[in-house]
Amino acid sequence: MVAERVIFRKVPEVTALFWVIKLLTTALGESTSDYLVNDFNPYIAVVCCTLLFVGALALQFWVRRYVPWVYWLAIVMVAVFGTMAADVLHVVVGVPYWLSSSAFAVALVVVFWLWYRVEGTLSIHSITTTRREIFYWAAVSAAFALGTAAGDLLAYTANLGFLAAGLVFAVLFLAPGVGWRAGWFNSIAAFWISYVLTRPLGASFADWTGKGQDAGGLGWGDGPVAAVLAVLIVVSVGYLQLRQRKTGELEPVGQAAE
């Protein structure tokens, strides 16, 4: 006899709240990374965040279906780790932002090319197998690193400053959605373009609020900004977790023969 295994999606539906939490996580990744590296031993901070990043992803791969707190924990750790990885390349290794941005962009294109070649789609609604999930998280990690480098490129190298860079990225973030509604983009292309842009958008405003006035910020401090963002994320994800428990959302998407 042939047994059947129930298949669940491993990622959330793309809603307005999805984008809100996504932007909060990108901002949290920037402020948390800067706070840990600047206020604590940077080497210990990098090692600890790397271990947490690996653990969060392992937990996400271990669960069989989308669990809000597990998924968003993984996203938060990707945000923190991706920020540290991009910053290490620039500060420690000395790689200029334009070069790291180009390298991460090439890496993301390669991931997308391999993903589409193997699976025939880049839709996040098809994340129902381990292989597709690996491609998904590889793309997410590359997107975070690219967004970090691109944001710093515009804010520092182009001398736009945090607020101006944030406003530019806000327009760029909204443009794919407008283009999709106008029929200029398909939904998958619009999603991934906006997804990449959430990173520099959130990070720019995190830096603007957290950095000192001498650096063009409001001077609230990276630590306090990170704490506020963390509370907002916990509340938002807690709402999603309770809603999933009450409504039983994300029913199985199919069955696979074993």
Cluster overlap [X] with [Y], hydrophobic side-chain contacts below 4.5 Å:
{"X": "Val231", "Y": "Ile233", "answer": "no"}
{"X": "Leu51", "Y": "Val37", "answer": "no"}
{"X": "Ile75", "Y": "Val54", "answer": "yes"}
{"X": "Ile124", "Y": "Leu114", "answer": "yes"}

Report the C-alpha distance between Thr128 and Glu133 in whole Å, list the side-chain angles of each, state the deciding distance to 0.1 Å, and finish with yes or no for side chain to side chain contact (heavy atoms under 4.5 Å, CB included).
CA-CA 7 Å; Thr128 57; Glu133 194 174 10; over 6 Å; no
For a quick test of reading the model, state the closest non-hydrogen atom pair linking [X] to [Y] and the distance between them.
{"X": "Leu24", "Y": "Ser236", "result": "CD1-OG, 4.5 Å"}
{"X": "Ala139", "Y": "Phe112", "result": "CB-CE2, 3.8 Å"}
{"X": "Tyr195", "Y": "Ala143", "result": "CD2-CB, 4.3 Å"}
{"X": "Leu201", "Y": "Gly166", "result": "CD1-O, 3.4 Å"}
{"X": "Phe169", "Y": "Ser204", "result": "CD1-OG, 3.9 Å"}
{"X": "Trp180", "Y": "Asn186", "result": "CD1-C, 3.8 Å"}

Atom [atom1] of [X] and atom [atom2] of [Y]: how far apart are they, to the nearest 0.5 Å?
{"X": "Leu57", "Y": "Leu73", "atom1": "CG", "atom2": "CG", "answer": "9.0 Å"}
{"X": "Leu240", "Y": "Ile21", "atom1": "CG", "atom2": "CD1", "answer": "4.5 Å"}
{"X": "Met77", "Y": "Leu59", "atom1": "CE", "atom2": "CG", "answer": "12.5 Å"}
{"X": "Leu197", "Y": "Leu23", "atom1": "CG", "atom2": "CG", "answer": "10.5 Å"}
{"X": "Ser33", "Y": "Leu28", "atom1": "OG", "atom2": "CG", "answer": "10.5 Å"}
{"X": "Ile193", "Y": "Leu172", "atom1": "CD1", "atom2": "CG", "answer": "10.5 Å"}

Side chains of [X] and [Y], heavy atoms from C-beta outward: is any pair under 4.5 Å?
{"X": "Leu108", "Y": "Trp192", "result": "no"}
{"X": "Tyr43", "Y": "Val47", "result": "no"}
{"X": "Phe162", "Y": "Leu218", "result": "no"}
{"X": "Asp34", "Y": "Asp207", "result": "yes"}
{"X": "Val67", "Y": "Gln241", "result": "yes"}
{"X": "Leu122", "Y": "Phe135", "result": "no"}
{"X": "Leu167", "Y": "Phe205", "result": "yes"}
{"X": "Phe81", "Y": "Thr50", "result": "yes"}

With no hydrogens and no angle check, is any side-chain donor or acceptor of [X] less than 3.5 Å from a backbone partner on [Y]?
{"X": "Ser194", "Y": "Phe173", "value": "yes"}
{"X": "Ser141", "Y": "Ala138", "value": "no"}
{"X": "Glu119", "Y": "Ser126", "value": "no"}
{"X": "Lys10", "Y": "Gln60", "value": "yes"}

Using the benzene-type ring in the case of Trp, are the ring centres of Trp137 and Tyr71 under 6.0 Å apart?
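Centroid distance Trp137-Tyr71: below 6.0 Å, so yes.
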Start with the C-alpha distance between Phe18 and Trp72, add both sets of side-chain angles, then the distance that settles ring pair (Phe, Tyr, Trp, His ring centres under 6.0 Å), and finish with yes or no.
CA-CA 10 Å; Phe18 169 88; Trp72 287 110; 5.6 Å; yes
Over 12 foreign heavy atoms within 6.0 Å of CH2, Trp220:
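No, not enclosed.
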Return each pair, listed once, that meets salt bridge (charged side-chain N to carboxylate O under 4.0 Å, His left out) where at least one residue sits in residues 180-204; pairs must be two or more places apart or across chains.
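Qualifying pairs: Glu30-Arg199.
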Step by step, work out the side chain to side chain contact (heavy atoms under 4.5 Å, CB included) result for Ser100 and Phe104.
CA-CA 6 Å; Ser100 59; Phe104 289 132; 4.1 Å; yes
Step by step, work out the side chain to side chain contact (heavy atoms under 4.5 Å, CB included) result for Trp19 and Val14.
CA-CA 7 Å; Trp19 290 114; Val14 180; 3.4 Å; yes
List the steps and the verdict of side chain to side chain contact (heavy atoms under 4.5 Å, CB included) for Thr198 and Thr25.
CA-CA 9 Å; Thr198 58; Thr25 62; over 6 Å; no
What class does the angle between the rings of Phe40 and Tyr35 fall in, given that below 30° is parallel, 30 to 60° is tilted and above 60° is perpendicular?
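Perpendicular: the ring planes of Phe40 and Tyr35 meet at over 60°.
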Can the positive tip of Lys22 be found less than 6.0 Å from the middle of the six-membered ring of Phe144, inside 45° of the ring normal?
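Here Lys22 passes the 6.0 Å and 45° test against Phe144.
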